[in-house]
There are 4 protein chains.
Amino acid sequence: MSRLWDKGAPLDQRVLRFTAGEDHGLDNRLVAYDVRASIAHAEMLHECGLLARAELDAIRDGLNELAAAHARGEWSVTLELEDGQTALETLLTQKIGTAGARLHAGRSRNDQVLTALRLYLRDAVEQLAEGAHHVAGVLDALASDQGAIALPGYTHMQQAMPSSVALWAQGFAAEIRDDIDGLRHSHRRINKNPLGSAAGYGTPNLPVQRERTRTKLAFPANHEPVTAVQLSRGKAEAEVLFQVTLLLQDLGRLASDLLLFYTREFGFVELPDAFTTGSSIMPQKRNPDVFELVRGRTATAQACLVEVLGITAKLPSGYQRDLQLIKAPLFRSIDIALESLDIMAAALPNVRFRPDRIRLDDDIHAAAEANELVAKEGIPFREAYKRVGAKVRRPE
Amino acid sequence: MSRLWDKGAPLDQRVLRFTAGEDHGLDNRLVAYDVRASIAHAEMLHECGLLARAELDAIRDGLNELAAAHARGEWSVTLELEDGQTALETLLTQKIGTAGARLHAGRSRNDQVLTALRLYLRDAVEQLAEGAHHVAGVLDALASDQGAIALPGYTHMQQAMPSSVALWAQGFAAEIRDDIDGLRHSHRRINKNPLGSAAGYGTPNLPVQRERTRTKLAFPANHEPVTAVQLSRGKAEAEVLFQVTLLLQDLGRLASDLLLFYTREFGFVELPDAFTTGSSIMPQKRNPDVFELVRGRTATAQACLVEVLGITAKLPSGYQRDLQLIKAPLFRSIDIALESLDIMAAALPNVRFRPDRIRLDDDIHAAAEANELVAKEGIPFREAYKRVGAKVRRPE
Amino acid sequence: MSRLWDKGAPLDQRVLRFTAGEDHGLDNRLVAYDVRASIAHAEMLHECGLLARAELDAIRDGLNELAAAHARGEWSVTLELEDGQTALETLLTQKIGTAGARLHAGRSRNDQVLTALRLYLRDAVEQLAEGAHHVAGVLDALASDQGAIALPGYTHMQQAMPSSVALWAQGFAAEIRDDIDGLRHSHRRINKNPLGSAAGYGTPNLPVQRERTRTKLAFPANHEPVTAVQLSRGKAEAEVLFQVTLLLQDLGRLASDLLLFYTREFGFVELPDAFTTGSSIMPQKRNPDVFELVRGRTATAQACLVEVLGITAKLPSGYQRDLQLIKAPLFRSIDIALESLDIMAAALPNVRFRPDRIRLDDDIHAAAEANELVAKEGIPFREAYKRVGAKVRRPE
Amino acid sequence: MSRLWDKGAPLDQRVLRFTAGEDHGLDNRLVAYDVRASIAHAEMLHECGLLARAELDAIRDGLNELAAAHARGEWSVTLELEDGQTALETLLTQKIGTAGARLHAGRSRNDQVLTALRLYLRDAVEQLAEGAHHVAGVLDALASDQGAIALPGYTHMQQAMPSSVALWAQGFAAEIRDDIDGLRHSHRRINKNPLGSAAGYGTPNLPVQRERTRTKLAFPANHEPVTAVQLSRGKAEAEVLFQVTLLLQDLGRLASDLLLFYTREFGFVELPDAFTTGSSIMPQKRNPDVFELVRGRTATAQACLVEVLGITAKLPSGYQRDLQLIKAPLFRSIDIALESLDIMAAALPNVRFRPDRIRLDDDIHAAAEANELVAKEGIPFREAYKRVGAKVRRPE
C-alpha cells in the first residue's frame, strides 16, 4: 500500500509504526466526518470550476459508499493505510480512478483532519450535553420521589444545618446543568471552518472559495486568517476537555457523597445488588465499585486536559506533528465521560435513601435558633450566636 | 485580638498560623469588594426590617471609611486579624459598636467570601480582556507597519509556503481575540449571586431577600439552589484559570517564535537593548529574557489550573476548608497573566523584522506551482504534486 | 461465565462493562506474572500444610499450561472473563477441578494483583533501563564519530561559548544515564512482597508464611505491616512514571535540539529520508516527524504521572476500586517510553552533522578572551569583562 | 544601583521588574549558601594562583560579614539588587573594593546559582526527612498508647476485616518512612558539583580545578560533562518535589481518614478544641480545619511538581531564562511540606480514639471464618467462602 507522500524513498517500517502510532485505530471514528467534509470540499471544487460534474458525482458516490461500507464494518483504517485521510484517498482512487486524485486540490491533510475533528466534536459535545441532561433529569426525579426526606447539611464534613434529599439532589442537578452550558459554549471555539487554510498558508493560485464549504458544513464563520487555524490546534479540544473535567468533577463529588452515605457508619442509602460487586475473599461484602470508578475518573479527565495543554505548550507556530497526539487524550476523555454519564443515569434511580437511618443532630438547628432570636428579639446576630452557643456547647 | 468564632478555648498559635496560611496577605485585594458586598447585604437587611436606618448608616459609613483607609494603606489584613472577613467585622465593631455585630445576620463567611471573590473576578476578567485587547492591537499595528515583509510559512519547523509578517502577526492577534472571548464567557460562571446561601443551606427563620442583593450587586441571577453555591466553588475560578492558560499558551508560542527568529541563525528580528539583558561572563551577549520568561509562564498558568482542579476534586459536597487554598493559585495566575500582557504590549512594538536577513527557500513555491498546474492544465492534483516533486526533490 | 464473587444476584451487563473497563485488555500483560506469583503462593500453601502435594502439582501444571497457551495466543483475557485474576482462577478450575478452588486461600485479589504488577514492573524497569542504556551508547558513538565537529554552545538560544558535537552528545548521554540510575532506584519501592497482606488486613486463622513467598519471588523484603500494602498503591507506580517522565523530558529536549538544528536556517544536521516523511501538498518537503513525536510525548508522560497521582490523592486508606484505574496510564507511559527509546536509538546514528554549515560567531570567544586577560594580566574579571565587552559590543 | 551586566544601555524599569520577578524575595533563603559556595570558589581561585592570599582573606571576611548581617536582618535582597548573586557581588565590591571584582573569574551566574540551590536542597531534604521522621514517631506513639483499640479494616470504604488503631497508625508510619527513604535518595541527583561548568561550557583559558570546590563543598562527584549541568536543571528539583508529593499524599490520606473518623456518624475520634475552629454562624460547630488543609495541600504539592516539569519541558539544551521560574514552586512545596509535617506532629498526639463509639460489624469476621473452615475442615477456600456467604448474606 503506497502512502500519499511516499516519493520512492525506502521507508523504515519502524518509523511508520512509530509515526502512525495509534492513529489508524483512532481515525475510525472520524471516517464519516471526513467523508462529509470531503464531499463539501469536492462540491466547492466543482462550483469553482476545478472539478467536472461527473468527477464530483463519482467522488460523492465513492465516498458515500466507502462511508457506508465502513459503517458496516467492511473495512477499517489499518496501520498499512496509515491514517484516516490517507486511507480514504487511497481507497477512493482505487474505486473511482483518476477523479480521486483530484480531490486533494486546494486542501492539505492539516485542514482536512481538523475539519473532520471539528465536525466530530460538534456531535460529541451534543452527546455529552444530552448525557448530562439525562443525569440532571434523574436527579430531579430523585428530588421529586425522595426529596422530602430530611438530610443533614454538612460543612467541613460536620453536620451543620438541616437540609433534605431534594436540596442535595437539586444542588448537583443545577451544577450539572451549568456544566452543560459550559460544554455548549465550547461550540464557539469548535465552530469555525478550517477548510481553505490548507497547510496553514492558504491555497495560492487556486480559486478556492471558503465561504462555500463554510455554508455546506454549517460553520457560522470561516477561521481567519489562515495562519490562525493551525495556531488554534488544541484550543477547542482543550476547551471541550476542560468542560468535561468540570462535569466529571461534579459527578465524582456526587459519587464521593454517595460513597460516604453508603458506609455502614452513615448508612443513609441502600444500593441494589446489581450496582454493587462482591469481594474475592469476604463473602459478606457488597462494594459500591461503580461510584468508586466514577470518582476515580476525575483524575483521568484532568490528565487528558493536562496532556493536551502540554502537547501544544511552547511550540513555535505552524503545524507540527506533535499535534497528532491530541486525538488520543481527547477521545479518551470524551468516552469516559459518556460512559460515566450513562452509568450514573442508570445507578441514581436505584439509590434509596433510608429515613430510618438518617439522624440529624439536635444542635443542627443552632443557627436557625440564633436567627430566630435576631428576628424576634431584635438582638444583634453576634449576641444571638453567643447565647445559643453557650447553650449547645459540648462540655470540654 | 479575638477571633469571631473563638469561644474561649485556648487556640494554639501554630494552628492559627497554619490555618490562616497566606490568607491575610491574599485577602487584601478583596477588602474593597467585601465592603461593597457587605453594604449591599446591610441595605437588604434594612429593607427587610432587620436593621434600623441609623444602624445601616453607621455600617455603611464605617465600611466606606475602612475601605478608604485600607486603600490609603493605613491598615491591612494581618495574621492577627486572621482573614479579610474577620478583619472587617472586628474593625467595624470597634468603630461603630453594636451595629457592627448585627451585620452578619443572614450570611455566613462562606457566601460572604464567595461574593467578594466573584466581584473581584468580574473586574479581573475585564482587566485581562483589556490587557489582551491591547496586545492584539499592538500585533495589528505590527502587521500594518511591517506586514509587507515576506516571511516563510513553516510546518514541522521547515519552510513550507510563503507567508508574511502580516499573516504571522494577524494569526496571533486573531487567536488572542478568541481568548478574550473565552475569558468574557467565564462571566457566565462568575455572575451568580451567592448571598443568601449562607453556609450553603440558606437562612432559616430570617426573611432574607436574595433578589435585593442580586440587584444591588448587578448579578444577572441568584445562584440556586443554595446547595449549588458551595458545590460550585472552584468552578468559576477554574474557568478563569483555564481561559488564562489558553491566553498564556498563545503568548508563550508567540514568544517561542520570536526566540527562534532572534537566534543568530535565523536572524529575522532585532530587539532593542532595553528589552534584552546581559550575561555575567559573556560580554558580547544580549539575551531575550523577556520572551523566555513569557514562554516559561505557560507552565505556571497550567500549574495554577491543575492546583485548583486538584483542590476540589473528589471532595464531598458542602463547604470544606480546603477551598480556602483556591485563592493563592487563582491570584497568582491572574497576576502573571496581567504582567505578561503588559510586558508583551511594551515589547512587541520594539520588534524589528529584518528583510535583509529573511530568505525564502526556492522550493517554497512548490505547492503553489502544483496548484497552478491544476488550475491551468486541469490535471489532477496528485499528478501535479508528483510532477513538481520530481523537479524540486533534493538529490539523495 | 460466572464471576468469582457473583453470589446469584443478577448483574447488570452495563455495570460489568463499566467496572471491568479496559481491564481485560490490560491484564493480558500480567498473566505470566500472575502465574508465577500464583505458583509461589501455591507452593507456600503446600509447605504450610494447606495444599496436598498432588493438588500443588495440578495447580502448577495447570497454571504453567495456561501461561504457555496464553503466550501462544490461544486465549486472552476477555470481558466475559472480567479480569486477569478471575480469568486464571476460572480457567484453572475448569481444567483441574476442585484443587483450583483451593488456590485463593490466604490471598485476596488485592495482594494478588499487586504482586503480579510488581513482578511486571521489575521487568519493565529493566527493559526501560536497557533501552535508555542503548540510546546513551548511541550518543557515545555519535560523540566518538563526529565529536570533533565544532558546535556553538548556546545560552538563551544565543551563541554563547564554543562547544562541540562531543560535548553536546555527551551531555545528553550523561543525563540519560542519570535517568537510568533514577529508574533503577525505583526498585526500592517496587521490591516489597505484598503476598500475605490479602485484602490489606492479613489472613486470620490461616498459618500463612509470607517469608516463603518472599524468597520464592526474590523480594528483598515483605511489605509490612499489612495495612501499608494497599496504602502504598500508586506510589511505586508513580515513582516509575516520574522517572520515565524525566527520561522522556531528556529525550524530548534532545529532539528539540535536533528539530532546531534541522531547520533550513540552522542547517546543522542532515537526516536520511527513511527518518523523515513527506507532505500531502508540498512536494519539496521532508519532515522530521519522528523527533516531533518524541518531543510531543513529553506531555503524555507527564499526563500519565498526573493521572496516577490524581487517582490516589485524598482517598481514605484501604483498598478502593479507583486503584484499578492506575494500570492504564502506567502501561501507556511505559510503552511510549520503550517505543521512543527504540526509535531514538535507530534515528540518532543517522544524524549527520554538517561542518560546512555550522558557523560560530566571532564573538563567541569573548568569555575566553576575558579569562585570558585575567590569567595573563592578573586584572580582575570584571575589568577584563568590561574591556572585552567594549571591543565586541555591537554598535547601537 | 548598577547591575553587573548593565553595559550602559538604558534599561526599562518594567523589564527589570518583569525579569527579576519574585527573585529578590526568593533569593534571601539562598544567601548563606551562596556565601559558602563563593568562599569555596575563592579558595580554589587562590589555590590555582588566580587570587592573592590577601584578596582571598578580604573576600572571605567580607562574605562572612555580609552573611551574618543578612542573618541579622540588616539587609535583604531587593528589587534594586535584582537577585541574590548580583546583590552579593555588588555589596562585596562596595565593602572590599577591587578584590570583589575578582571573585567572578571562572564561574557564571549559571553555576553559581545552581550550587547555592543544591546546597540549600541538601539541607531542605534533611529538614523534610526529620519532619517526616517526627510524624512517623508520633504515629508509633499513637500505636503504642491506643493501639489495642479495635478498628474496622475498610476496603471500598466498607467494613471488611478486623483491624486496630495499631495497624492503622503503623501502616501510615511505614509509608511515611518509605517517603523519607525516597527523599534521601534524591540526594543522588542533588549531590553533584556544578562549579566549574560556568555558563555550561566550562572555563577556557582559566586553570580552574573543579575537584577542589567539590571537596570543599562535600559533593561526592563533579557534574560531568559541563554540558550536562544546565541540561539537568529542574531534574533534582523535580525529584525532590515528586518525593514531597508522595509524602504529602500520604499525609493527605491520613487526614482523609481522620476527617471520616471525626464525622458525627463515625464518631471514632475526638479532637481537642485547640485543633478545631469555630463557625461564623453555627455556634455548635467545631471544625477540623487543620486536617482539611493538610488534605487540600495534596493538590498544591502536585501542582508545584507539574509546574517544574512544565518549565523545562521541550526546551532546547543550554541555559534558558525560563529556568529561573523553578525556584518559586520548589520553595513553595518545600515550605508547605514542612508546615504540614509540623502541624501533623502537633495534632496527632491529640487525637483520641473512642472505643465506646467504634463498632465492628458482626459480619466482619466472615473471611476469618472461611479461613478457619479451610484450616480445620480442609475444604477448598471457594467452598468455605460460599458456605459463610450463605450465612451472612443480607436478605434481598
Side-chain angles (χ1 to χ4, degrees), chain C residues 7 98 101-102 104-105 153-157 160-161 163 167-168 170-171 174-175 185 188 199-201 203-206 224-225 227-228 231-232 235 242 245-246 249 252-253 256-257 260 295 298 302 306 309 312-321 368 371-372 374-375 380-383 389, chain D residues 7 98 101-102 104-105 153-157 160-161 163 167-168 170-171 174-175 181 185 199-201 203-206 224-225 227-228 231-232 235 242 245-246 249 252-253 256-257 260 295 298 302 306 309 312-321 368 371-372 374-375 380-383 389:
Chain C
K7 288 190 299 284
T98 217
R102 290 187 182 277
H104 210 58
Y154 293 86
T155 65
H156 304 263
M157 297 178 71
M161 287 176 67
S163 183
L167 271 175
W168 177 81
Q170 287 161 351
E175 284 306 310
H185 274 85
R188 195 185 59 73
Y201 304 98
T203 55
N205 293 337
L206 277 184
E224 298 274 18
T227 40
L231 193 56
S232 81
K235 288 173 72 180
F242 171 71
T245 298
L246 289 193
Q249 297 241 103
R253 297 185 66 181
S256 282
D257 271 3
L260 200 58
R295 177 181 60 183
T298 300
Q302 274 189 35
V306 166
L309 290 172
T312 51
K314 306 194 280 191
L315 287 186
S317 67
Y319 176 80
Q320 316 260 3
R321 186 71 185 260
N371 285 346
E372 198 176 20
V374 167
F381 179 75
R382 278 291 155 235
E383 195 185 321
Chain D
K7 289 191 295 287
T98 217
R102 290 187 182 277
H104 210 57
Y154 292 86
T155 65
H156 305 261
M157 297 179 71
M161 289 176 65
S163 182
L167 271 176
W168 177 82
Q170 287 162 351
E175 284 306 309
D181 256 26
H185 273 85
Y201 304 96
T203 56
N205 293 336
L206 276 184
E224 298 277 15
T227 42
L231 194 56
S232 81
K235 289 173 69 180
F242 172 71
T245 298
L246 289 193
Q249 297 240 104
R253 297 184 66 182
S256 281
D257 271 2
L260 200 59
R295 177 179 61 181
T298 299
Q302 274 190 34
V306 166
L309 290 172
T312 52
K314 307 195 280 190
L315 287 187
S317 67
Y319 176 81
Q320 315 260 4
R321 186 69 186 261
N371 285 346
E372 199 176 20
V374 169
F381 179 74
R382 279 290 156 237
E383 194 185 321

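By convention in this document, chain letters (A, B, ...) are assigned in the order of the sequence lines, proteins followed by strands, and residues within each chain are numbered from 1.
- Annotation for D:T98 and C:P380: closest pair OG1-CG, 3.8 Å, computed over non-hydrogen atoms.
- With respect to chain C, the highest number of heavy-atom pairs below 4.5 Å among D:N205, D:L167, D:T155 belongs to D:N205.
- Only the side chain of C:T298 comes within less than 4.5 Å of a heavy atom in chain D; its backbone stays farther off.
- We find the CE-CD distance between C:M157 and D:Q320 to be 6.0 Å, quoted to the nearest 0.5 Å.
- Judged purely by atom type and a 3.5 angstrom limit, D:R253 uses its side chain to pair as donor or acceptor with the backbone of C:P316.
- Of the two parts of C:L260, only the side chain, counted from C-beta on, holds a non-hydrogen atom closer than 4.5 Å to a non-hydrogen atom of chain D.
- Counting only distance, with no hydrogens or angles, the side chain of C:S256 and the backbone of D:L315 share no donor-acceptor pair below 3.5 Å.
- Proximity to chain D (any heavy atom under 4.5 Å) is shown, for C:E383, by neither the backbone nor the side chain.
- By number of non-hydrogen pairs under 4.5 angstrom with chain C, the leading residue of D:E372, D:K314, D:K235 is D:K235.
- Using cut-offs of 30° and 60° for the angle between ring planes, the C:Y319 and D:H156 rings count as perpendicular.
- Highest contact tally toward chain C, considering only D:L309, D:T245, D:T312, D:V374, is held by D:L309 [criterion: heavy-atom pairs under 4.5 Å].
- The distance from the OH atom of D:Y154 to the OH atom of C:Y201 is 9.0 Å, given to the nearest 0.5 Å.
- A distance-only check finds a donor-acceptor pair linking the side chain of C:N371 to the backbone of D:P204 [under 3.5 Å].
- One finds the OG1 atom of D:T203 at 7.5 Å from the CE atom of C:M161 (value rounded to the nearest 0.5 Å).
- Heavy-atom distances place the side chain of D:Q302, and not its backbone, under 4.5 Å from chain C.
- Of the residues considered (D:G318, D:G252, D:A105, D:A174), D:A105 shows the highest number of contacts with chain C, using heavy-atom pairs under 4.5 Å.
- For C:Q249, the part sitting under 4.5 Å from any heavy atom of chain D is the side chain, from C-beta outward, and nothing else.
- In this structure, D:S317 and C:D257 approach most closely via the heavy-atom pair OG-OD2, 2.5 Å.
- D:E175 CD to C:S232 OG: the interatomic distance, rounded to the nearest 0.5 Å, is 5.0 Å.
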